[in-house]
Amino acid sequence: MSKVPEPIIEVNNLWYRTGDADILANVSFEVQRGEIFGVMGMSGAGKTTLLRLLMRLVDPDEGDIIIAGESIMGLSETQLSRIRANIGMCFQYSALFDSMTVAENVAFGLRRGSKLSEEELRRKIAEHLEIVGMHDTEEKMPSELSGGMRKRVGIARALILNPDIMLYDEPTAGLDPIMASVIDNLIVRLRDEFGMTSVVVTHEVDELMSISDRIMMLYQGRITACGSPAALQQSDNPYVQQFVHGTAHGPIQL
Amino acid sequence: MLTAVGRQVIAFFAYFGQTTQLHVDNLRGLLTGKLEYRTTISQMAHIGVSSLPIAAVTMVFSGMVIGYHAAIQASKFGGGGYVGWLVAEIMCRELGPVLVCFVIAAEAGSAMAAELGTMKVTEQIDALRTMATNPVDYLVLPRYVACLVMVPLLVFVGDIIGVTGGYFMAVLSPYISHVVYFSSIPGNLEAWTVIAGILKSVVFGLIIAIVACHQGLTCGQASEEVARATTRSVVYSIMLIYGANLLLTIILFPPG
């Protein structure tokens, strides 16, 4: 018997407004467990806002978000902590704590949420820094790292908590092609080996096409298209065509 | 015009509500054992180290000015024997709490607003929340408790420095001796005067911590917002200290 896909994230009729502007307008989609779900769109299309809403770092004006079968609307900050414990987030500008060393950053969530010995913590820190290619940087301060290195430490900090879902905001922006490939491979490996669900927000089309199971395109806060990378590449939707091929002329307003 | 006034009134009540809520959240965190001791001690050290030198300079010069005036005026009426007490009374009642808290608001309060504001702009506060850490418990509560402990302590030290500053100028007068200046204090200065001044500083300390942390946490996303939040933190703290001082003076020193 074939396995029935199980949505781990369900977003229903989501609206988010600032002032008179609709940042997200009636957005609905599902992300299946173990899927890499890409979200692409122009800068200002509402991609980062969508990730912040999935973590409920901001509240939507309307709509519902269901994580692993539980609606996160109306939950208190304490109740949300339980949901957030299963979600890791890699921020666009890494959001490392600049008063802490790399090791303290990576261990932050684990030190507060578990009772591991210092020896075990050190081992886990080294293991996760190795995964993102940042070994032997434990004692460095974030100010001593390049943007790309900071981003990788941010990913290690989220991964060490072993979440079911990872949210990546522009994970490879500012990275050299080799390191971008390392991060892409890591996202795929986490799905293949651990069944981790990933939502990857970026405007790097090639990256999304190579790693995503499905891709959703946002334009001016609305879903323009959603489907497999192959389906999007063959889509006759002029917005998708213009974005995927990166042409200056088309229906997308610059 | 009416709309603009209405907007300001709503903004005032919203600010009052948010800061009161922050105060309640801190009390709840304190009572439920959420205090991070290591961070609190580090914050206490920071407040002490950053504010004490400027507070000391402010108080010694203020004490000298008061001592100078008091010595001249009191000598005219043969009241030179009360100059020490007069300086101590003024320092403990008003100048100590108010001036030292202005210094702390400008030095430590602005640093708190800038630090939390920068953390907000660089998404570090959001990162805390994603790692199931309440920013109020982790960032605000240690600063709140550090102010609660350190501000009265600094005010008490400031009072002593101010009285000593007054001594240096008062004894220049031929009518006031070294011994008379200090011996006039114990018999005349009531314990309540000192206690009331310290009580005022506890309230001022809470105002500084809540205003500064609130400005940092509610700072906008642009980097220039950090500068605005820092300035607002100092201005609002000083304004609220003025208002609270008047209220507390009436309550703590009732007429009659």
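Within every chain, numbering begins at 1; the chains are lettered A, B, ... in the order of the sequence lines, protein sequences first and strands thereafter. These numbers come from a predicted model, not from an experiment.
- Minimum interatomic distance between A:Gln92 and B:Glu123 (heavy atoms only, all atoms of both residues): N-OE1, 4.2 Å.
- B:Glu224 CD: more than 12 foreign heavy atoms inside a 6.0 Å radius.
- The candidate with the highest count of non-hydrogen atom pairs below 4.5 Å against chain A, out of B:Thr133, B:Asn134, B:Thr118, is B:Thr133.
- Heavy-atom neighbours of A:Phe97 CZ from other residues, nucleotides or ligands within 6.0 Å: above the threshold of 12.
- Contacts of A:Leu57 with chain B are made by both backbone and side-chain atoms, with heavy-atom separations under 4.5 Å.
- Separation of the B:Tyr138 and A:Phe108 ring centroids falls under the 6.0 Å cut-off.
- Of the two parts of B:Ile125, neither the backbone nor the side chain holds a non-hydrogen atom closer than 4.5 Å to a non-hydrogen atom of chain A.
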Given side chain to side chain contact (heavy atoms under 4.5 Å, CB included), test A:Phe91 with B:Thr122 step by step and report yes or no.
CA-CA 10 Å; A:Phe91 288 86; B:Thr122 55; over 6 Å; no
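- For the set A:Arg56, A:Glu77, A:Arg112, A:Arg82, the entry with the most heavy-atom pairs within less than 4.5 Å of chain B is A:Arg112.
- With a threshold of 4.5 angstrom between heavy atoms, A:Leu80 does not approach chain B through any atom at all.
- Screening A:Arg157, A:Arg52, A:Met89 for a side-chain contact (heavy atoms from CB on, under 4.5 Å) with B:Thr130, the sole residue that qualifies is A:Met89.
- Between the side chains of B:Gln124 and A:Asp98, at least one donor-acceptor pair of N or O atoms lies under 3.5 Å.
- The two atoms that bring A:Ala95 and B:Ala127 nearest to each other are O-CB, 3.8 Å, heavy atoms only.
- By the 6.0 Å contact criterion, CZ on A:Phe29 is enclosed, its count of non-hydrogen atoms from other residues, nucleotides or ligands being greater than 12.
- By the neighbour-count criterion of 12 heavy atoms within 6.0 Å, atom OH of B:Tyr15 is densely surrounded, having more than that number from other residues, nucleotides or ligands.
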Using side chain to side chain contact (heavy atoms under 4.5 Å, CB included), reason through B:Arg129 and A:Met55 one step at a time and then give a plain yes or no.
CA-CA 9 Å; B:Arg129 293 170 72 198; A:Met55 266 284 188; over 6 Å; no
